[in-house]
Amino acid sequence: MPVNPTDKPMKPTLFSTTLITLVLLLLSGTTTLAQEADSEEFNPPFNGTIFINPDIITPDDPSSFVDLTYKGQELRRMYDRRENSRVEYNAFLFEATFDDGLTIEMQVNPEFETAEEAERQARFFAHPIGQLPTALRADVETSWIHKGNNPFGGGSNNLLIHTGMADRYIEQGILEETLVHEAAHTSIDGYHARSEDWVAAQVADNNYISTYGRDHRYREDIAESILPWLAIRHFPDRIPDELRQTIEETIPNRIDYFDAQDFDLYPLVE
């Protein structure tokens, strides 16, 4: 889904000779994948990957979520898509703890009226957040929870949730898959989206897994590619063979890239 407009900027990376060469090629007018990312010659198999299969991660999969601790109400600046900006709310605050040592401050919009209802919301979403691999939660410090039929978001050390849209994701069976996508923005993009090896994998694959990733190659390609990688590498029995083959044939070099990262995938993979 569209990335949170408050996404943190990419962490600086060292541009090696390979990247410099690619830049020079762009400036010289030589056609490359990066230059022609929105060209019709690239025909991704999917529009967006959160929709490709609802069973890549299921509600029955293990969660690292342990418990919530209520911390009262305090002012927090929370991005709210209904306002398209950060808004200061007297939010209900809960510390969510996870059994891999990570914690997240769950910030719940006071529109939920009572601490009891706010806790119900925070607890409900803390469970699927806890299903995210440790590597995807590593940089998640807060989660904003609002009402509204607005897309989720990732970035800014945060996961943005709108409960009306969450109901739609749940109905489609893709709540967990959507959280994987958004958490990739938060914990993976800043380290990898412009790295030399990732750009080289994009060029070598000569395609994108989705039109969304193609049209936003630095902002969305990591998030669009990591869920299919999880599916074929760790849950191949949950997807049709035809889907697995499509993923493997479309982004083989990106798959190799993710394989090489040795991501901590607990609790989904122990």
Asks: Have Asp139 and Tyr191 got a donor and an acceptor in their side chains that come within less than 3.5 Å?
Replies: yes

Asks: Carefully, step by step, assess Phe42 and Asp215 under the rule side chain to side chain contact (heavy atoms under 4.5 Å, CB included).
Replies: CA-CA 10 Å; Phe42 301 115; Asp215 295 344; over 6 Å; no

Asks: Under 6.0 Å between ring centres: does that hold for Trp144 and Phe152?
Replies: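 No; Phe152 has its ring centre 6.0 Å or more from that of Trp144.
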
Asks: Which one of Thr49, Ile232, Leu227 satisfies the side chain to side chain contact (heavy atoms under 4.5 Å, CB included) criterion with Ile247?
Replies: Ile232

Asks: Quick one: do Ser143 and Ile129 satisfy side chain to side chain contact (heavy atoms under 4.5 Å, CB included)? Show the steps, please.
Replies: CA-CA 10 Å; Ser143 179; Ile129 289 174; 4.1 Å; yes

Asks: How about Ile56 and Arg238: do any of their side-chain heavy atoms sit closer than 4.5 Å?
Replies: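 With C-beta onward as the side chain, the pair stays apart.
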
Asks: Does one side chain, of Ser64 or Arg137, offer a donor that lies under 3.5 Å from an acceptor on the other?
Replies: yes

Asks: Test of understanding: with salt bridge (charged side-chain N to carboxylate O under 4.0 Å, His left out), list the residues that count as partners of Asp167, not counting sequence neighbours.
Replies: none

Asks: Please report the C-alpha distance between Asp189 and Tyr218 in whole Å, then the side-chain angles of each, then the deciding distance to 0.1 Å, and finally whether the side chain to side chain donor-acceptor pair (under 3.5 Å) criterion is met.
Replies: CA-CA 8 Å; Asp189 277 354; Tyr218 295 128; over 6 Å; no

Asks: Is the backbone of Thr58 close enough, under 3.5 Å, to the side chain of Gln131 for a donor and an acceptor to pair up by distance?
Replies: yes

Asks: Report yes or no: does Asn207 contribute a side-chain atom to a donor-acceptor pair with the main-chain N or O of Thr250 at less than 3.5 Å?
Replies: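 The answer is no, because no donor-acceptor pair under 3.5 Å joins these two groups.
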
Asks: Please walk me through it: do Arg82 and Glu111 pass salt bridge (charged side-chain N to carboxylate O under 4.0 Å, His left out)?
Replies: CA-CA 13 Å; Arg82 296 169 298 181; Glu111 66 190 335; 3.0 Å; yes

Asks: Under 3.5 Å, is there a donor-acceptor pair between the Asp100 and Thr134 side chains?
Replies: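 Per modelled atom types, Asp100 and Thr134 side chains form a pair under 3.5 Å.
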
Asks: Looking only at atom types and distance, does a side-chain atom of Ser210 sit under 3.5 Å from a main-chain N or O of Gly48, one as donor and one as acceptor?
Replies: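 Not at all, since once roles are kept as given, no pair shorter than 3.5 Å links the two residues.
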
Asks: So, Arg86 and Asp80, do they make that salt bridge, N to O below 4.0 Å?
Replies: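 No.
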
Asks: Would you say the side-chain atoms of Thr142 and Asn158 include a donor-acceptor pair closer than 3.5 Å?
Replies: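 Short answer, yes.
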
Asks: Indicate whether the side chain of His181 and that of Glu224 have a donor and an acceptor atom separated by less than 3.5 Å.
Replies: yes

Asks: Quick one: is the NZ or CZ of Lys147 closer than 6.0 Å to the six-membered ring centre of Phe112, and within 45° of its axis?
Replies: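 Here Lys147 passes the 6.0 Å and 45° test against Phe112.
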
Asks: Just by distance, do the side chain of Gln172 and the backbone of Pro54 share a donor-acceptor pair under 3.5 Å?
Replies: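 A pair under 3.5 Å: no.
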
Asks: Looking at Asp262, I'd like to know if its CG atom is crowded, meaning that more than 12 non-hydrogen atoms belonging to other residues, nucleotides or ligands lie closer than 6.0 Å.
Replies: no

Asks: State the CD1-CG distance between Ile255 and Asn253, to the nearest 0.5 angstrom.
Replies: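 Reported value, rounded in 0.5 Å steps: 9.0 Å.
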
Asks: Using 30° and 60° as the class boundaries, would you call the ring planes of Trp198 and Tyr257 parallel, tilted or perpendicular?
Replies: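 Ring orientation of Trp198 relative to Tyr257: perpendicular.
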
Asks: Applying salt bridge (charged side-chain N to carboxylate O under 4.0 Å, His left out), can you list everything that pairs with Arg168, at least two apart in sequence or on another chain?
Replies: none

Asks: For residues Gln261 and Ile188, determine if any side-chain heavy atom of one lies less than 4.5 Å from a side-chain heavy atom of the other.
Replies: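 A side-chain contact is absent here, since even the closest heavy-atom pair is not under 4.5 Å.
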
Asks: Consider only side-chain N and O atoms of Asp221 and Tyr212, and report whether a donor and an acceptor are under 3.5 Å apart.
Replies: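 Checked: Asp221/Tyr212 side chains show no N/O donor-acceptor pair below 3.5 Å.
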
Asks: Do the side chains of Arg76 and Glu105 get close enough for a salt bridge, i.e. N-O under 4.0 angstrom?
Replies: yes

Asks: Can Arg254 be said to sit on top of Tyr208's aromatic six-ring, NZ or CZ under 6.0 Å from centre and within 45° of the ring axis?
Replies: yes

Asks: For Arg120, is there an ion pair with Glu116 - N to carboxylate O distance below 4.0 angstrom?
Replies: no

Asks: With a 6.0 Å cut-off on the ring centroids, do Phe263 and His192 count as close?
Replies: yes

Asks: Do Leu159 and Phe125 pass the side chain to side chain contact (heavy atoms under 4.5 Å, CB included) test, and can you show the C-alpha distance, the side-chain angles, and the key distance before you say yes or no?
Replies: CA-CA 10 Å; Leu159 293 174; Phe125 290 107; over 6 Å; no

Asks: With clusters defined by side-chain heavy atoms of hydrophobic residues (ILVMFWY) lying less than 4.5 Å apart, directly or transitively, does Ile174 cluster with Leu268?
Replies: yes

